[in-house]
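Every chain is numbered from 1, with letters handed out A, B, ... down the list of sequences.
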Number of protein chains: 2
Amino acid sequence: MTTTSTNSGRPKNRATGEGGARRRGKGSAALASERREHLVKLAAELFAEKGFQATTVRNIAEEAGILSGSLYHHFDSKESIVDEILAGFFQEIMSAYRSVIDEGNDPRTTIAGLVRIAFGTLEPHRAAITVMQNDWNYLKGMERFAYLTKSEDEVEKMWVDTIKAGQRDGLFRADIDPKLTYRMIRDTVWVAVRWFKPGGRLNAQGLAEHYLKVMFDGINTH
Amino acid sequence: MTTTSTNSGRPKNRATGEGGARRRGKGSAALASERREHLVKLAAELFAEKGFQATTVRNIAEEAGILSGSLYHHFDSKESIVDEILAGFFQEIMSAYRSVIDEGNDPRTTIAGLVRIAFGTLEPHRAAITVMQNDWNYLKGMERFAYLTKSEDEVEKMWVDTIKAGQRDGLFRADIDPKLTYRMIRDTVWVAVRWFKPGGRLNAQGLAEHYLKVMFDGINTH
DNA sequence: CCGAGTTGAGCAAGCGGTTGGGCGCACACG
DNA sequence: CGTGTGCGCCCAACCGCTTGCTCAACTCGG
């Protein structure tokens with residue numbers, strides 16, 4: 001007879017309940033503990049491999065050679081780990097996008113630049129992109145990750161405006177839908193993360209050039 | 001003390017276990033099958049919405065207005081439900097692909113036909129495609145779903161062979177990578193399931209035509 | 001009265017998260 | 001120089017809860 005431990009009328013105040021001042025002075029992050037970053041990387045690999053929800057804190061801990069309880073000396077929840085992963089990725093890519101736009105080249109050059117940047121993140125941010133793809137629906141439903149949708153909208157605006165400008169300048173066909181075209185490009189780039197292997201036949205930049213070729217001129221002979 | 005019945009080396013084959021004679025005879029087969037199919041559809045919607053792993057058997061049962069235990073009168077596991085969903089989808093699309101190829105048209109027409117078929121499945125098989133996309137990594141790791149990878153390989157061969165034939169005939173550019181191009185097309189089509197809304201501005205066939213335009217001739221003006 | 005279909009209680013396992021304590025290293029202090 | 005002590009890091013056990021799945025007993029139309 002094992003301890004069945006059936007609910008003994010204990011109040012169910014769990015974590016985060018009262019006193020939001022749990023982990024005071026997260027400012028110690030300034031130290032940016034190496035250990036912490038290492039754990040984030042391990043977690044990212046697992047999230048990418050099995051999905052965020054399917055990865056348990058015990059998985060992460062085991063990968064790091066510690067027990068799950070120890071993880072909570074570094075993070076206050078599983079969510080905050082994935083938050084760190086995604087926030088870093090978004091920050092980097094949006095800043096890169098902006099600098100391409102700010103160069104003020106013609107729309108075709110700008111689009112090419114954006115595509116190259118996107119493919120360029122495939123390798124260094126493989127895990128973040130995979131998480132973003134697989135768990136987007138789940139994550140965007142939480143207030144904590146509202147910034148994901150906001151950033152996504154901002155990015156969409158950059159692309160769509162550039163495509164429209166290209167149409168005005170007569171560089172891009174007028175009979176394509178800018179928003180639709182943006183989505184196709186975006187999805188095609190990110191989805192490559194599923195089969196792209198860094199050591200393979202083609203590197204990320206090779207992928208980008210191949211894609212630009214097809215996207216700009218099609219697969220037909222002319 | 002209830003019978004603990006912990007697994008005593010018993011094989012876990014239930015329903016579908018011995019003999020595929022699941023729905024043999026019994027005029028009720030049609031009826032039972034209807035109920036079963038209904039449950040599969042409900043489950044498919046949930047899997048698509050929240051992911052396979054994140055959907056619980058209690059979710060499915062609740063959606064059907066029954067209790068989780070009752071589900072096991074129809075299926076022997078959660079896996080067998082998703083199996084039914086994916087197997088049906090693959091069977092249908094591969095048969096459709098084959099008949100297009102068997103028409104023996106020129107490669108350009110054949111590719112266009114394949115693209116139209118793929119987009120055509122977007123609406124009727126929305127849930128299956130979403131599951132395939134989001135949970136592919138998880139599912140392909142199980143022997144039970146080995147046929148997924150096998151079918152995928154067969155499909156890839158159809159597309160790649162057609163693209164190569166088009167290159168030989170001078171219809172498609174020689175400087176594109178057939179395999180890479182196939183993957184681009186495939187990803188672009190399937191990934192549309194994320195934002196495609198049946199009642200929206202563009203139906204699936206409209207999407208297909210838009211994409212064929214871009215894919216064949218690019219977004220540049222000529 | 002048969003049996004397909006359902007119920008409701010329940011199991012073992014595992015989940016995310018919490019906690020009190022202990023180890024060992026760095027550094028200040030006498 | 002020894003030593004005490006604060007602290008980063010971690011362990012082990014545990015909590016309340018959910019998971020996929022099981023099963024004896026019940027319902028009820030044919």
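Which of C:dG8, C:dG16, D:dC21 sits closest to the side chain of B:L67 comes down to C:dG8. The side chain of B:S70 lies closest to C:dT7, out of C:dT7, C:dG16, D:dC21. Taking only side-chain atoms of A:K78, from C-beta outward, the nucleotide of C:dT6, D:dC21, C:dG17 with the closest atom is C:dG17. Taking every side-chain heavy atom of A:R58 into account, C:dC15 is the closest of D:dC11, C:dC15, C:dT6.
Here D:dT18 presents its P atom at 17 Å from CD1 of B:I60, a figure rounded to the nearest Å. Rounded to whole angstrom, the span from the CG atom of B:D76 across to the P atom of D:dC23 amounts to 13 Å. Between the CG atom of A:L46 and the C1' atom of C:dG16 there is a distance of 16 Å, rounded to whole Å. Atom P of nucleotide C:dA4 and atom CD1 of B:I66 are separated by 16 Å, given to the nearest angstrom. Atom C1' of nucleotide C:dA4 and atom NE2 of B:H73 are separated by 5 Å, given to the nearest angstrom. The separation between B:Q53 atom CD and C:dC15 atom C1' is 13 Å, rounded to whole Å. Summarising the geometry, the separation between CD on A:E62 and P on C:dG16 is reported as 13 Å, rounded to the nearest angstrom. Taking atom CG on A:N59 and atom P on C:dA13, their separation rounds to 18 Å, with Å as the unit.
For C:dT6, one of the phosphate oxygens OP1 or OP2 lies less than 4.0 angstrom from a side-chain nitrogen or oxygen of B:H74. B:Y72 has a side-chain polar atom (N or O) that falls below the 4.0 Å cut-off from OP1 or OP2 of D:dC21. Residue B:R35 places at least one side-chain N or O under 4.0 Å from the OP1 or OP2 atom of C:dT6.
Each of A:R186, A:K157, A:K140 was evaluated against A:E152; a single residue qualifies, A:R186, per the side chain to side chain donor-acceptor pair (under 3.5 Å) test.
Other residues, nucleotides and ligands contribute more than 12 heavy atoms inside 6.0 Å of the CD atom of A:E79.
The nearest heavy atom of DNA chain D to A:G69 and to B:T55 marks one nucleotide each, and the one closer to the 5' end goes with A:G69.
To the nearest 0.5 Å, atoms CG (B:L86) and CZ (B:F145) are separated by 6.5 Å.
Side-chain atoms of B:N59 and B:T55 form no donor-acceptor pair, as typed in the model, at a separation below 3.5 Å.
Using a 4.0 Å heavy-atom cutoff across all strands shown, A:S77 reaches sugar-phosphate atoms only and no base atom.
Using a 4.5 Å cut-off on side-chain heavy atoms (C-beta onward), A:E84 and A:F75 make contact.
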